[in-house]
Chemist: 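Okay, handing you the structure first.
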Amino acid sequence: MTDPLNHSYYAATAHKWQQHYDTQGDLNCDVAVIGGGFTGLSAALACAERGFSVILVEAEQIGFGASGRNGGQLIPGLRWTTSELEAEFGRERADALFDLCWRDNRVQARIAKHGIDCDLKAGHLEAAWTPKDFDAMRREADYLATRFDYETDIIAKAAMGSHIASPLYHGGVYDAHAGHFHPLNYAIGLAEAADKVGVRILEGQRASWNHEGNDSKLSAGESKIDARYIVNATDSWIGDVEPDLGRYTVPIMNYNIATAPLANADALLPSDAAVADSRFVLNYFRLSADKRLIFGGGERYSQTPPRDIAAFVRPFMAEVFPQIADTKIDYGWGGAVAVTMNRLPHIGRRGNVFFAHGFSGHGALVTTLAGELIAEAMAGTAERFDVLANLPSRPFPGGKWLRRPLATLGLLYYAMKDRLG
Ligand SMILES: Cc1cc2nc3c(=O)[nH]c(=O)nc-3n(C[C@H](O)[C@H](O)[C@H](O)COP(=O)(O)OP(=O)(O)OC[C@H]3O[C@@H](n4cnc5c(N)ncnc54)[C@H](O)[C@@H]3O)c2cc1C
């Protein structure tokens, strides 16, 4: 991969994928998908399975964006808790959101259906940074169990050692329905499945979309693409393709490291669960298949990456695991998380264009679902798509230049509040 930010463990351990650079001449299809991340790949695959002819255009390589470089944590649901969703939207909508985003694990279904080899493991621990956070987690776990029959384990502070060898946390909730995986190999697995059902994949082709009066023309490189439907699945880059949609998200840079394989890996995370803590700028970590600690921590509100990513993330890791403070770090990489104003994804349809973006750091599971719901809506059944499309959304204030600084100020405020306790 060409991006210096993608010196990632995932790129180094990716399955072989025969890149698809062939194109030329004008093309036509039922559905043109822009973006080869989880959203675009899932939409392309699901559309082709429904009999549409599909072209997927990816500016770089499959999995180049957030999908190929994320923390690999598969956490059911959205950034809002189920009780927050019910308080805001009422019982019926909360039920529908729960059925889609918590109950129906489309990633597991895809992995099973296509036999995707992506180091899938079960188990996720949400770790409480403060006693107050633990109280809130406990209440939510009780609510999930009584209201939705969704069982998790509440872990008292004294029992946290069975999951994590860190003294920092005040308790947690373990969810056996959740898990973790190698995200780039999952993306490649989806691409292989899409290829097999006839999706024409064009990598290294940046799509652009020119509006001329009521007419809009899609092109990729030198080729014009004539499509009945377009799926804009470009997440952090969505504003480059469609400026108006770009107003709904800001990109926040987030960084990960992978240590060298650790002899004491099983002692650090005895249940092999992925862990995310409850800080506003959260720490999240897990073990890879070859026993490295993959650790994400610290956000940067500037687009410029730190000169030394390992040095930037190491203090966060050392705070959680002082016992490996000086361990060797083999990889450091980063990516942009597209965040919406309310942290709920922005999904919808404008004429013949479908879009889904702004998963706000919680997209590893829901993006596959979003892609499948787009295909379902395109084929004429929009009921489930509308459950997500009806989530409220609002553009960030400020024009192109002010939007990011204003959003950054808000995020810095919450990060500071978190640090002050
Ligand atoms: C560092 C990091 C850690 C994260 N950790 C987690 C986690 O642990 N759990 C979780 O649930 N979520 C996590 N996320 C969020 C999650 O990865 C994203 O929500 C999800 O991958 C978004 O997928 P996507 O397909 O919508 O976008 P992307 O994967 O970003 O794909 C968009 C694609 O569009 C392509 N593109 C852009 N413009 C064009 C164009 N003009 N023409 C053609 N192609 C174009 C890009 O090259 C890119 O490949 C993390 C994100 C980051 C960055």
Side-chain angles (χ1 to χ4, degrees), residues 1-3 5-6 8 10 32-44 55-79 101 107 124 178-181 183-184 186-187 190-191 201-209 218-221 225 230-242 246 249 251-257 274-276 282 284-286 294-300 305 309 313 332-340 345-347 355-368 370-371 374:
M1 304 228 168
T2 50
D3 177 359
L5 280 181
N6 206 9
S8 79
Y10 303 128
V33 177
I34 315 174
F38 298 152
T39 306
L41 289 164
S42 167
I55 294 175
L56 182 146
V57 184
E58 163 55 50
E60 304 283 345
Q61 297 103 6
I62 291 302
F64 175 84
S67 299
R69 38 176 110 194
N70 60 60
Q73 308 220 350
L74 295 164
I75 311 167
L78 301 168
R79 279 289 290 268
C101 302
V107 170
H124 187 272
H180 51 115
F181 70 167
L184 182 54
Y186 174 67
L190 284 182
I201 296 174
L202 308 177
E203 296 176 273
Q205 307 282 334
R206 189 164 295 276
S208 60
W209 189 12
L218 181 68
S219 49
I225 302 181
I230 292 169
V231 179
N232 188 342
T234 51
D235 205 31
S236 298
W237 294 270
I238 203 161
D240 298 344
V241 182
E242 176 55 74
T249 54
I252 305 294
M253 294 307 292
N254 197 272
Y255 298 96
N256 275 229
I257 53 175
V275 182
L282 80 168
Y284 56 99
F285 40 92
R286 64 190 193 89
I294 298 185
F295 193 102
E299 283 179 347
R300 263 168 82 100
I309 292 175
V313 179
W333 67 96
V337 181
V339 175
T340 60
H346 183 216
I347 293 174
F355 60 87
H357 67 139
F359 295 89
S360 305
H362 212 109
L365 267 181
V366 189
T367 40
T368 297
I374 286 173

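Atoms within each ligand, like the ligands themselves, are counted from 1 in listed order. Since we're looking at a predicted model, the values are computed, not measured.
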Chemist: State plainly whether the residues Glu60 and Arg206 are in salt-bridge range, i.e. N to O under 4.0 Å.
Modeler: yes
Chemist: Hey, which of His180, Gln73, His124 is the one that makes side chain to side chain contact (heavy atoms under 4.5 Å, CB included) with Tyr284?
Modeler: Gln73
Chemist: Can any side-chain N or O of Arg286 pair as donor or acceptor with the backbone N or O of Phe295 at less than 3.5 Å?
Modeler: no
Chemist: Would you check ligand 1 and list the protein residues that come within less than 4.0 Å of it by any heavy atom, ordered by chain and number?
Modeler: Ile34, Gly35, Gly36, Gly37, Phe38, Thr39, Val57, Glu58, Ala59, Phe64, Gly65, Ala66, Ser67, Arg69, Asn70, Gly71, Gly72, Gln73, Gln205, Arg206, Ala207, Ala233, Thr234, Asp235, Trp237, Val241, Asn254, Asn256, Tyr284, Gly335, Ala336, Val337, Phe359, Gly361, His362, Gly363, Ala364, Thr367
Chemist: Just so I know, are the side chains of Leu56 and Ile62 near enough to count as touching, which here means a heavy-atom distance under 4.5 Å?
Modeler: yes
Chemist: Taking the six-membered ring of Phe64 as reference, does the NZ or CZ atom of Arg69 fall below 6.0 Å from its centre and within a 45° cone about the axis?
Modeler: yes
Chemist: Please evaluate residues Phe38 and Tyr186 with respect to the criterion ring pair (Phe, Tyr, Trp, His ring centres under 6.0 Å), reporting the C-alpha separation (whole Å), side-chain torsions for both, the decisive distance (0.1 Å), and the verdict.
Modeler: CA-CA 8 Å; Phe38 298 152; Tyr186 174 67; 5.3 Å; yes
